[in-house]
Amino acid sequence: MSGDEAAAEPALSVLIRCRDERAGIGSLLDVLRAQTLGERLEVVVIDSGSRDGTIEEVLRRRIEPLRIDAADFSYGRALNRAAAEARADVCVAISAHALPPDREWAKRMVAAFDDPRVACAFGERCDPWLRPLTAPLLQDAAHARRHPFYGYSNSAGGFRRALWVQHPFDEQLAAAEDKEWAWHWLTRGQLVLLDPTLAVHHSHRDEGPLRTFRRARADFAAQRGLLAGDDDVRLPRPSPAELAREWWRGPHAHRSAARARLDPRRVGMLLGKWFALR
């Protein structure tokens with residue numbers, strides 16, 4: 001391989017699943033294009049039936065999106081098809097309504113895999129007790145068993161493509177395909193890096209409390225089903241008092257804790273969690 005060919009190899013492949021994301025995907029693509037990795041950042045977009053102009057926003061930025069029929073969609077299937085087209089050793093799945101905070105984000109994501117034990121990495125802002133996470137945390141299987149609903153997420157998570165080739169995302173799961181994938185590698189001695197410097201701005205401002213409730217209920221129910229067969233995992237059953245404390249403490253998506261507590265989507269999320277785990 002010549003030097004020019006080596007330089008052309010991407011250091012990071014960003015995989016974006018989208019459907020009707022016109023309001024956010026253009027901004028995301030523009031921020032990715034401005035990353036300091038430059039041409040060493042590859043973007044793969046996969047669309048599952050957008051009708052709102054999302055495709056036009058992607059094409060305007062000279063990216064030809066992959067397509068998947070809405071009837072065939074699952075989070076795992078869409079991500080597998082995108083990863084199959086990726087060329088970098090490290091891939092990162094990111095929601096179309098998320099935004100990296102600065103131009104160095106992609107470079108930090110690549111550096112997260114300098115440790116060969118790391119299977120995947122995610123920008124977590126809180127520790128398992130909802131306190132601010134102030135330093136990177138390397139999660140192993142023992143830690144994951146103590147905190148079974150805490151860890152990796154494909155909302156903006158990086159993973160090693162070589163490990164994905166060995167174990168693709170589960171296409172039959174309605175949700176929690178990211179947790180299943182991380183759990184698979186945790187139980188085989190790999191680690192999950194949780195680092196607040198990898199966090200992105202991620203919001204579900206466009207959805208109402210009922211949709212938030214359904215999303216949270218499906219996600220927690222899927223995770224519960226994945227972990228139910230592990231005798232070393234004690235699945236929590238939060239009481240109304242515990243959920244009330246979580247509602248009060250956070251984590252909060254708003255700048256103001258008071259606004260976060262008054263957001264009906266937060267109540268929808270906590271009720272979805274309670275119904276899934278009760």
Side-chain angles (χ1 to χ4, degrees), residues 12 15 75-76 79 83 89-95 98 100-101 105-170 173 175-200 202 216 219-238 242 246 249-251 269 273 276-277:
L12 182 70
L15 316 180
Y75 292 106
L79 195 51
D89 293 334
V90 176
C91 296
V92 57
I94 186 169
S95 297
W105 172 80
K107 185 178 291 186
R108 292 195 297 273
M109 184 63 76
V110 173
F113 292 85
D114 288 346
D115 186 335
R117 300 172 298 168
V118 171
C120 51
F122 174 65
E124 179 58 75
R125 289 190 172 94
C126 297
D127 69 12
W129 299 275
L130 303 180
R131 301 172 304 200
L133 187 64
T134 58
L137 186 157
L138 278 172
Q139 183 184 52
D140 60 11
H143 184 279
R145 287 189 171 98
R146 292 195 301 272
H147 308 286
F149 299 116
Y150 178 78
Y152 178 72
S153 169
N154 274 337
S155 60
F159 58 92
R160 291 190 190 276
R161 192 175 184 278
L163 296 182
W164 169 82
V165 169
Q166 297 177 47
H167 182 75
F169 294 100
D170 190 328
L173 291 175
E177 83 294 338
D178 41 12
K179 297 297 192 295
E180 186 279 333
W181 195 88
W183 189 254
H184 174 89
W185 291 110
L186 282 167
T187 58
R188 286 156 177 80
Q190 300 289 122
L191 301 176
V192 174
L193 176 64
L194 303 169
D195 186 343
T197 70
L198 302 178
V200 300
H202 185 207
D219 191 50
F220 279 104
Q223 293 183 60
R224 183 191 64 187
L226 289 172
L227 300 171
D230 192 319
D231 294 336
D232 294 323
V233 175
R234 181 177 175 271
L235 293 173
R237 297 179 183 274
E242 289 171 327
E246 184 176 344
R249 289 188 317 219
M269 187 277 289
K273 179 178 181 179
L277 302 180

Next item on the list: May I ask you to decide if Tyr150's main-chain N or O and Glu124's side chain share a donor-acceptor pair within less than 3.5 Å?
Entry: no
Next item on the list: Give a yes or no answer on whether the side chain of Arg125 reaches the backbone of Val200 with a donor-acceptor pair at less than 3.5 Å.
Entry: yes
Next item on the list: Give the minimum heavy-atom separation between Leu15 and Cys91, together with the two atoms involved.
Entry: CD1-CB, 4.0 Å
Item checked: Asp195/Met109 under side chain to side chain contact (heavy atoms under 4.5 Å, CB included): CA gap, chis, key distance, verdict -> CA-CA 10 Å; Asp195 186 343; Met109 184 63 76; over 6 Å; no
Next item on the list: Indicate the atoms forming the closest heavy-atom contact of Pro136 with Leu193, along with that distance.
Entry: CB-CD1, 3.9 Å
Margin query: Is it the case that atom OH in Tyr75 sees more than 12 heavy atoms from other parts of the structure closer than 6.0 Å?
Written below: no
Check: Between the side chains of Glu180 and His167, does any donor sit under 3.5 Å from an acceptor?
Finding: yes
Note to self: Looking at Asp89, I'd like to know if its CG atom is crowded, meaning that more than 12 non-hydrogen atoms belonging to other residues, nucleotides or ligands lie closer than 6.0 Å.
What the structure shows: no
Check: Considering all heavy atoms of both residues, which atom of Thr187 and which atom of Arg145 are nearest to each other, and what is their separation?
Finding: CG2-NH2, 4.0 Å
Checklist line | Minimum-distance pair of heavy atoms, taken over all atoms of Tyr152 and Leu194 | finding: N-CD2, 4.2 Å
Check: Quick one: does Trp105's side chain have a donor or acceptor within less than 3.5 Å of a partner on Leu198's backbone?
Finding: yes
Check: Sub-3.5 Å donor-acceptor pair from the side chain of Lys179 to the main-chain atoms of Ser153, do we have one?
Finding: no
